[in-house]
Amino acid sequence: MAARALYRLPGLGRTAVPLTCSHCPRFSSRAAGHGRGAQSYPVISGEILSLYRHVYEANTRNSEGCRQRYEELLEEVKRGGGESAILRHTQRNKKLLVRDRLKLLLDDEPFLELSPFAGLGLPYGDVPSAGCLTGVGKICGIWCMFIANDATVKGGTAYPISVKKQLRAQEIAMKNRLPTVYLVDSGGAFLPLQAELFPDKEHGGRTFYNEAIMSALKIPQVAVVCGSCTAGGAYIPTMAEETIIVDRIGTIFLAGPPLVKAATGEDVSAEDLGGAKLHSRVSGCVDHFAPTEAEAYSRARLIISTLNYEPSPIETREYEEPLYDAHELQGLAPRDYSCTLDIKLIVGRLVDGSRFLEVKADYGMSLVTGFASVEGHLVGIVANNGELTHDASLKGSHFVQICNQRGVPLLFLLNTTSRESPPPSVLKAEEQTNRLKAQASMMAAVACASVPKITLVVGGCHGGESFAMCGRSFEPNFLFLWPNARVSLVDPNSVTANVRMDEERPEDERGQTARLEKLKEESSAFYSSARLWDDGVILPQDTRKVIGTCLRIISQQKYQTPAFQPGPLLRM
Ligand code: COA
């Protein structure tokens, strides 16, 4: 069967405990009622002119190759640490595989997996899914973040990329105020890389710091000890608000039996040193004893039902589907940025009824701004349609502030072009300086907007313009890439052969080709996602579903209460 997209069904009817929980609070049937007006916004024409048919077709061919690569990688990461590690995990250690655990933990509904390709092709090797699955799914109707070790990948030990993935998951949980569940099954730090894991601010200790801060922010955290929690791993359940341990499977200790033996000469079993009975009856490090894994996840669900959270309302709002087939987005995903099709063709295939209320339609036209709804949720769209010129940047600043004043989440469709060549004249230099100032204003408006932001890289993510378009360093709540996307300071296609990296040693033709190839490889979406510069690669045809899910997740928090604005909106 073909691999599914990032947005997955965790599997139906194959679980040991019922997934509909009779103890959970009843769901409210009232929807929030956003986006009613969107039903009368003007419809965007989605017609692809015959003049551009060849571009559309070339993009489609490129997207097809990207889709195949995407599905191959998805299959690869699903195999976790490989066959023998899976056998060791399930047969010798008698544990459930991480995806089966999630089936028991989460409601029987699709969940949003984050960064499944993180950890592939790193200098220290392949670490499938960075050794831990993260994502957002519902438990008893409440959107929760999950962070679940995959012990088939080197005993669930933490590589630098695993730490980065966990920290990003915690950051998303904080930004979106999501209760968080940790499924801990980890041998602690991956020792050969300890220097890249321990000392720095964004290294392992930050996970525990975040746990305390999240708790102080009233973001509840629950841990299930479903394997080893050794060394650093021991702090995760101990710092969680409520913890469950599975009998004969879960252990918590700072140093395991081999270290005790080495230090004291004493032979002690893992169970006696830090097993379920010890921690639930003697140490008090955990709060619930579960005889089996299935009972542990069932108990975790019950704990979530005590959070006194309002579950997301059952969606009753009606919305129109776009007028155009989502698969056509593959033909609009730019392969070559020298000929990018009108961004409104993409907007029209993402938003409800292909309806879009454009703002400042005739000003700064290389940026498109306006309101639309995605699966019934009102959003302000900011979309590149060429260079971020002076006028386009001012338009972006103004629109971002409007959305911020009204509490409307922002959706950025990022497709920035590479820096242009040095100015040939004083006039041109003045124009560029003015543009710089306007871009700085837009960056400030984006950075300070307190509404949720989602960024989707549909093409190029190059240079300073990508910051104003809410690139990674501008902290969007979620950031996804299409597989055709390119992420690099400069667009590899625009780097001319005579731009040398090393002035001292001129390159021959082979050297130049190799350098460009390297630049191309390092700017690919999969390269970016392997390093966690984003929250995952998504296929163009799945985008609407993913964005709709993000907006539902976001709407669980009460961001609608307008944030304090220290001043009025300033027209620039
Ligand atoms: N660093 C690097 N590699 C580690 C590791 C660590 N801390 N812990 C385990 N591994 C590796 C093993 O070498 C093995 O690699 P291999 O598959 O290439 O042979 C793989 O992870 C699985 O370990 P294994 O011991 O075979 O599996 P297990 O299921 O029997 O036990 C653990 C898993 C995690 C319970 C056990 O390996 C363990 O206790 N590890 C030491 C934990 C520790 O002391 N951590 C201190 C960190 S500061």
Side-chain angles (χ1 to χ4, degrees), residues 76-77 79-101 119-120 122-133 147-166 182-200 203-209 223-239 245-276 278-279 285-286 293 296:
E76 188 181 328
V77 298
R79 290 194 285 270
E83 215 168 297
S84 62
I86 290 175
L87 283 179
R88 183 177 61 215
H89 184 88
T90 52
Q91 301 198 354
R92 195 189 73 190
N93 296 348
K94 309 241 175 311
K95 294 191 286 189
L96 296 177
L97 292 170
V98 62
R99 290 183 190 278
D100 295 328
R101 289 172 167 169
L120 292 183
L122 297 185
Y124 46 79
D126 278 330
V127 189
S129 298
C132 73
L133 267 61
I147 301 177
N149 297 122
D150 181 353
T152 69
V153 182
K154 288 280 180 198
T157 51
Y159 286 70
I161 195 72
S162 326
V163 172
K164 196 170 179 188
K165 190 167 177 181
Q166 291 185 23
Y182 304 87
L183 304 187
V184 204
D185 185 356
S186 164
F190 181 75
L191 286 171
L193 295 175
Q194 65 83 28
E196 293 171 55
L197 279 162
F198 170 63
D200 208 353
H203 282 175
R206 191 74 181 182
T207 316
F208 320 130
Y209 171 86
V224 180
V225 181
C226 46
S228 173
C229 294
T230 309
Y235 293 106
I236 292 179
T238 318
M239 292 197 69
I245 191 164
V246 186
D247 192 26
R248 304 199 172 275
I249 283 181
T251 52
I252 306 176
F253 31 64
L254 290 172
L259 268 184
V260 174
K261 173 83 177 161
T264 66
E266 205 182 340
D267 274 315
V268 59
S269 71
E271 205 53 32
D272 289 343
L273 190 64
L278 179 114
H279 283 303
C285 278
V286 306
E293 280 209 64

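First listed ligand is number 1; within each ligand, the first listed atom is number 1. The structure displayed is predicted, hence computed values, not measured ones. Positions are given from 1, in the same order as the sequence printed here.
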**ligand 1: protein residues within heavy-atom distance under 4.0 Å** = Arg88, Arg92, Asn93, Lys154, Gly155, Thr157, Gly187, Ala189, Phe190, Leu191, Pro192, Ser228, Thr230, Ala231

**Item:** Sub-4.5 Å side-chain heavy-atom contact between Tyr124 and Ile161
**Value:** yes

**Complete:** To the nearest 0.5 Å, atom OG1 of Thr207 lies from atom CD1 of Ile236 at 5.5 Å

**Item:** For Lys154 against Phe190, the heavy-atom pair lying closest together
**Value:** CD-CE1, 4.0 Å

**Prompt:** Between Asp247 and Glu271, is any pair of side-chain heavy atoms under 4.5 Å apart?
**Reply:** yes

**Request:** Side-chain contact test, heavy atoms from C-beta onward, threshold under 4.5 Å: evaluate it for Asp150 versus Cys132 and give yes or no.
**Result:** no

**Message:** Within the 4.5 Å heavy-atom criterion, are Asp126 and Glu76 side-chain neighbours or not?
**Reply:** yes

